[in-house]
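See structure below.
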Number of protein chains: 2
Amino acid sequence: MATNRDVARLAGVSPATVSRVLNDSGYVAPDVRDRVQRAIAELNYVPNRLARGLRKQRFAQIACVLPSIRNPFYHEILLGIQEAGLARGYTFSLFHRIAKKEEYLKVILGGFYDGIIFLSPFEVEKVYNIAEIGEVLPTVVYDDRGHPFSVPHVYVNLRETMYTNVTKLIEQGHRGILFLGYEFAVETDNPRYLGYMDAMREHGLKVLPEYLQFIADFDDTLSVGYKRMTTVLQQRIPFTAVAASNDLLAIGAMRALQQAGVRIPEDVSVVGVDDIEMARLVTPALSTARVPKRQIGTRLMELLLGTICGDEVTSSTIEVRTSYVERESTGPSATGTQLTQASHASAGVDAMDRTEKMRGA
Amino acid sequence: MATNRDVARLAGVSPATVSRVLNDSGYVAPDVRDRVQRAIAELNYVPNRLARGLRKQRFAQIACVLPSIRNPFYHEILLGIQEAGLARGYTFSLFHRIAKKEEYLKVILGGFYDGIIFLSPFEVEKVYNIAEIGEVLPTVVYDDRGHPFSVPHVYVNLRETMYTNVTKLIEQGHRGILFLGYEFAVETDNPRYLGYMDAMREHGLKVLPEYLQFIADFDDTLSVGYKRMTTVLQQRIPFTAVAASNDLLAIGAMRALQQAGVRIPEDVSVVGVDDIEMARLVTPALSTARVPKRQIGTRLMELLLGTICGDEVTSSTIEVRTSYVERESTGPSATGTQLTQASHASAGVDAMDRTEKMRGA
DNA sequence: CTCCGATGTGAAATCGAAACCACACCGGAC
DNA sequence: GTCCGGTGTGGTTTCGATTTCACATCGGAG
């Protein structure tokens with residue numbers, strides 16, 4: 001690889017002048033600039049980002065920390081982030097569950113990154129204090145828990161979103177509505193759960209304990225929803241609708257239901273959250289809440305660039321809004337409960353065996 | 001951020017000794033080692049990767065170049081890559097279509113990366129010569145075209161895979177089999193197409209021009225398959241099976257078929273390639289060819305590490321094998337053609353309207 | 001007792017670019 | 001004619017780590 005010096009030698013100038021041409025700083029005579037540029041082209045010179053980064057204390061690289069690379073929800077956010085960042089020459093590194101939690105932040109703080117973007121950092125927060133990280137390195141967060149953050153923060157009110165989803169089901173006559181979602185250490189960390197409870201309470205509906213299907217271990221596999229719903233079906237819980245915490249869970253649940261012969265939405269309605277593209281491609285198409293993923297990404301990057309450049313640590317919060325999208329997986333509740341129960345009965349024993357195996361694994 | 005010097009000062013030694021402790025190189029007295037380690041802990045010192053990289057000419061960072069971040073197929077490969085790499089402290093940057101082709105390789109070659117992994121680099125090759133890149137920087141490739149590569153290379157014979165898929169359909173009595181896939185500049189770049197043609201020819205089946213559904217513009221959206229199949233349905237092409245080039249296309253196609261009232265597999269069989277997790281979660285579950293994605297990833301990383309460490313450029317090729325997975329989306333061909341045609345007719349106008357809308361968006 | 005290799009440590013050079021400082025030239029204002 | 005700010009360029013230092021070289025000490029072999 002050619003260096004600064006090589007170019008300088010070839011152009012008959014000093015390395016300082018080469019640097020000036022490259023960075024468009026200071027005064028350079030037109031003919032000299034030309035000579036340098038020709039030399040750069042001839043040697044195929046690309047400045048070494050490490051050296052530049054070391055000197056500038058700016059590396060044009062951003063770390064994105066996210067729970068899972070498998071959830072398409074995050075892809076769209078990432079695309080938004082990159083769109084906003086690549087134009088300015090930023091590159092991106094991804095860190096997700098596979099990286100050992102105790103290790104990767106050491107790596108990140110090791111001076112390789114201009115900033116960090118945390119997407120849904122609930123896992124991260126078990127180990128690290130984001131406020132502290134924010135003091136060392138420009139940091140922004142996407143989160144749905146409504147926590148106050150000391151760093152800039154994009155927020156989507158999923159409590160409200162879930163409330164709307166469940167209310168739509170209730171309005172269609174559903175009473176036995178399952179909550180399907182992840183379990184958090186603290187109730188207040190679970191806006192989707194809270195929204196579900198809000199809606200049920202407000203409409204005077206009883207929440208049976210069996211309705212609350214919390215998935216404890218974080219498993220970023222696409223089939224967690226399927227596994228859980230398969231278990232649920234063996235337990236003969238009477239329900240006519242499922243309010244899932246995200247589309248992947250909903251799609252998995254739909255699969256389990258359909259496999260057991262339950263018709264959607266005739267017997268059971270299913271609703272999700274996120275509106276990933278796959279939601280439109282499954283049959284029946286999934287009713288869900290649209291979250292402006294792309295927009296979240298660009299907003300995050302804008303916030304981060306703001307923090308990196310303008311040195312003020314403005315602890316701004318941007319809220320984005322969701323909208324309910326009705327498709328085919330929801331419908332009025334008929335005599336749903338009975339039908340569902342019947343189906344369970346026929347699939348009972350087989351299904352039981354399968355679940356026991358899954359639990360063991 | 002604390003530096004080398006700070007630690008040295010606190011421990012009462014020279015920076016050279018700190019470095020020795022950190023890298024476990026040379027001789028260090030046990031008590032001194034202890035003092036240094038305490039100082040490191042106290043200052044919360046993390047070595048600056050840029051400085052280290054600059055000096056060592058090794059940066060412990062890998063660039064992954066892939067066509068799309070949206071296709072789950074690549075996620076599993078990425079997980080395999082990272083699994084094999086993170087243990088040794090490597091971090092990863094992702095580059096995909098969103099990055100301007102002309103730009104990103106400049107970035108990559110700018111000395112930030114120890115190596116490049118190209119996943120399905122057909123797009124890349126239009127602009128760059130991978131052999132040349134391989135001479136500058138350790139490079140490995142995953143590809144399915146059976147091209148000879150001058151760099152280490154993981155290969156999966158998708159021509160054979162597609163041949164098997166189509167043969168299975170033929171054995172089930174299908175004759176009118178659609179090929180749904182991407183269009184490449186050159187025929188030989190399209191192993192899936194070639195495998196399809198092999199199977200059809202070998203069984204003496206005629207390939208009507210309408211059977212070949214090439215998607216020209218690369219569009220990494222999940223619904224390309226849906227869009228194309230919607231168009232196909234309006235054209236009343238007689239067919240009883242669809243051999244898609246990957247699972248996403250297959251899932252999209254299934255959606256279009258189901259939306260038009262076509263039953264799968266009773267009226268039309270659909271088969272994919274990749275075996276992404278979603279293939280098991282759609283209804284009916286998708287028959288497909290399992291590609292060992294995780295394994296491809298680990299193999300790639302092993303090859304790359306080999307190239308980075310052992311300086312020999314062993315142009316090794318590793319071939320991984322696929323296996324056919326029969327699920328629910330395929331079945332014997334009945335009087336399929338008639339049924340399908342009938343369905344088209346009844347759904348014709350509606351489908352048309354919907355498609356037009358999608359196009360507009 | 002001397003010599004030598006193993007052990008242990010520090011000063012200084014180095015990686016490649018950017019920033020800082022110094023200097024030189026030129027034209028116009030006073 | 002002198003002074004001064006704008007223009008243009010080069011030498012040197014710096015970023016933070018590793019690495020090389022040089023040097024000191026020590027124990028055992030000859």
Side-chain angles (χ1 to χ4, degrees), chain A residues 1-37 39-40 43-61 89 106-114 136-137, chain B residues 1-37 39-40 43-61 89 106-114 136-137:
Chain A
M1 278 271 100
T3 73
N4 216 355
R5 287 191 118 68
D6 299 329
V7 178
R9 206 173 2 247
L10 182 62
V13 298
S14 78
T17 303
V18 176
S19 174
R20 274 191 277 267
V21 171
L22 239 62
N23 296 286
D24 225 3
S25 63
Y27 299 104
V28 181
D31 59 321
V32 175
R33 159 169 279 116
D34 249 38
R35 275 215 315 283
V36 171
Q37 268 158 349
I40 287 174
L43 293 174
N44 230 316
Y45 167 71
V46 181
N48 183 315
R49 275 181 81 194
L50 288 167
R52 169 178 283 182
L54 183 60
R55 185 65 241 249
K56 279 203 181 182
Q57 302 288 59
R58 280 277 198 86
F59 323 115
Q61 173 142 305
K106 211 173 216 170
V107 174
I108 293 176
L109 296 174
F112 228 18
Y113 301 99
D114 283 352
V136 182
L137 206 61
Chain B
M1 278 270 103
T3 74
N4 217 357
R5 287 192 120 66
D6 300 329
V7 177
R9 208 177 355 252
L10 182 61
V13 297
S14 78
T17 303
V18 176
S19 174
R20 275 190 275 268
V21 172
L22 238 63
N23 294 287
D24 226 2
S25 65
Y27 298 106
V28 181
D31 59 319
V32 174
R33 161 168 279 117
D34 250 39
R35 276 216 314 282
V36 171
Q37 267 159 350
I40 288 174
L43 292 175
N44 232 316
Y45 167 71
V46 182
N48 183 313
R49 276 180 80 194
L50 288 166
R52 167 178 285 180
L54 183 60
R55 186 61 239 248
K56 281 203 181 184
Q57 300 288 60
R58 281 276 201 84
F59 323 115
Q61 175 142 300
K106 211 173 215 173
V107 175
I108 293 176
L109 296 175
F112 227 19
Y113 301 98
D114 284 351
V136 182
L137 205 61

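Just so you know, these numbers come straight off a predicted model, no measurement behind them. Chain identifiers are assigned alphabetically (A, B, ...) following the order of the sequence lines, protein sequences preceding nucleic acid strands; residue numbering begins at 1 within each chain.
- Atom-to-atom, CZ of B/Arg49 to C1' of D/dT18 comes out at 16 Å; the value is rounded to the nearest Å.
- If you check distances only, the side chain of B/Arg20 does reach the base of C/dG10 with a donor-acceptor pair under 3.5 Å.
- Closest to the side chain of B/Asn48, out of C/dA19, C/dA11, D/dG16, is D/dG16.
- In terms of polar N and O atoms assigned as donor or acceptor, the side chain of B/Arg52 never comes within less than 3.5 Å of the base of D/dT18 in a complementary pairing.
- Across all strands shown, A/Val32 has heavy atoms under 4.0 Å from sugar-phosphate atoms exclusively, and none from any base.
- The side chain of B/Thr17 lies closest to C/dG10, out of C/dG10, C/dC15, C/dA17.
- Considering every non-hydrogen atom in both B/Pro47 and B/Leu22, the closest pair reads CG-CD2, 3.5 Å.
- Side-chain nitrogen and oxygen atoms of B/Tyr45 include none within less than 4.0 Å of the OP1 or OP2 phosphate oxygen of D/dG16.
- Remark: side-chain polar atoms of B/Arg49 are paired, donor with acceptor, to backbone N or O of B/Phe59 under 3.5 angstrom.
- Taking atom CG on B/Leu22 and atom C1' on D/dT18, their separation rounds to 11 Å, with Å as the unit.
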Considering only distance and modelled atom types, tabulate donor-acceptor pairs under 3.5 Å from the side chains of residues 25-36 of chain B, sequence neighbours left out.
unit_1: B/Arg33; atom_1: NH2; unit_2: B/Asp24; atom_2: OD1; d: 3.2
unit_1: B/Arg35; atom_1: NE; unit_2: B/Ala11; atom_2: O; d: 2.9
unit_1: B/Arg35; atom_1: NH2; unit_2: B/Ala11; atom_2: O; d: 3.4

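- The heavy-atom pair separating B/Asp114 from B/Ala60 by the smallest distance is OD2-N, 2.8 Å.
- Within 3.5 Å, no donor on the side chain of A/Arg55 pairs with an acceptor on the base of C/dA17, nor the reverse.
- Counting any heavy atom pair closer than 4.0 Å across all strands shown, A/Val18 reaches no nucleic acid atom.
- Remark on DNA chain D: of its neighbouring residues A/Arg5 and A/Asp31, the 5'-side contact belongs to A/Asp31, judged by nearest-heavy-atom nucleotide.
- Here D/dG16 presents its P atom at 14 Å from CG of B/Leu43, a figure rounded to the nearest Å.
- Separating the CG atom of A/Leu50 from the C1' atom of C/dA18 is a distance of 14 Å, rounded to the nearest angstrom.
- Rounded to whole Å, the distance from CG on A/Leu54 to C1' on D/dG16 is 6 Å.
- OP1 or OP2 of C/dG16 lies within a sub-4.0 Å distance of a side-chain N or O belonging to B/Gln57.
- In this entry the distance linking CG of B/Asn4 with P of C/dT14 reads 18 Å, nearest Å.
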Residues A/Gln61, B/Leu50; criterion side-chain contact (heavy atoms from CB on, under 4.5 Å); working and verdict: CA-CA 12 Å; A/Gln61 173 142 305; B/Leu50 288 166; over 6 Å; no

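- Closest approach to the A/Ala29 side chain among D/dT9, C/dG10, D/dT14 is made by D/dT9 (side chain taken as heavy atoms from C-beta onward).
- Contact record, A/Leu54 with A/Gln57: O-OE1, 3.2 Å, taken as the closest heavy-atom pair.
- A close approach under 4.0 Å does occur between a side-chain nitrogen or oxygen of A/Asn23 and OP1 or OP2 of C/dA18.
- Listed pair B/Tyr27 / C/dT7 meets the phosphate criterion, a side-chain N or O lying under 4.0 Å from OP1 or OP2.
- Between B/Phe59 atom CZ and D/dG16 atom P the separation is 18 Å, expressed in whole Å.
- Spacing between atom CZ of B/Arg58 and atom P of D/dT19 amounts to 10 Å, rounded to whole angstrom units.
- Place B/Ala51 and B/Arg33 on DNA chain C by their nearest nucleotides, and B/Arg33 ends up nearer the 5' end.
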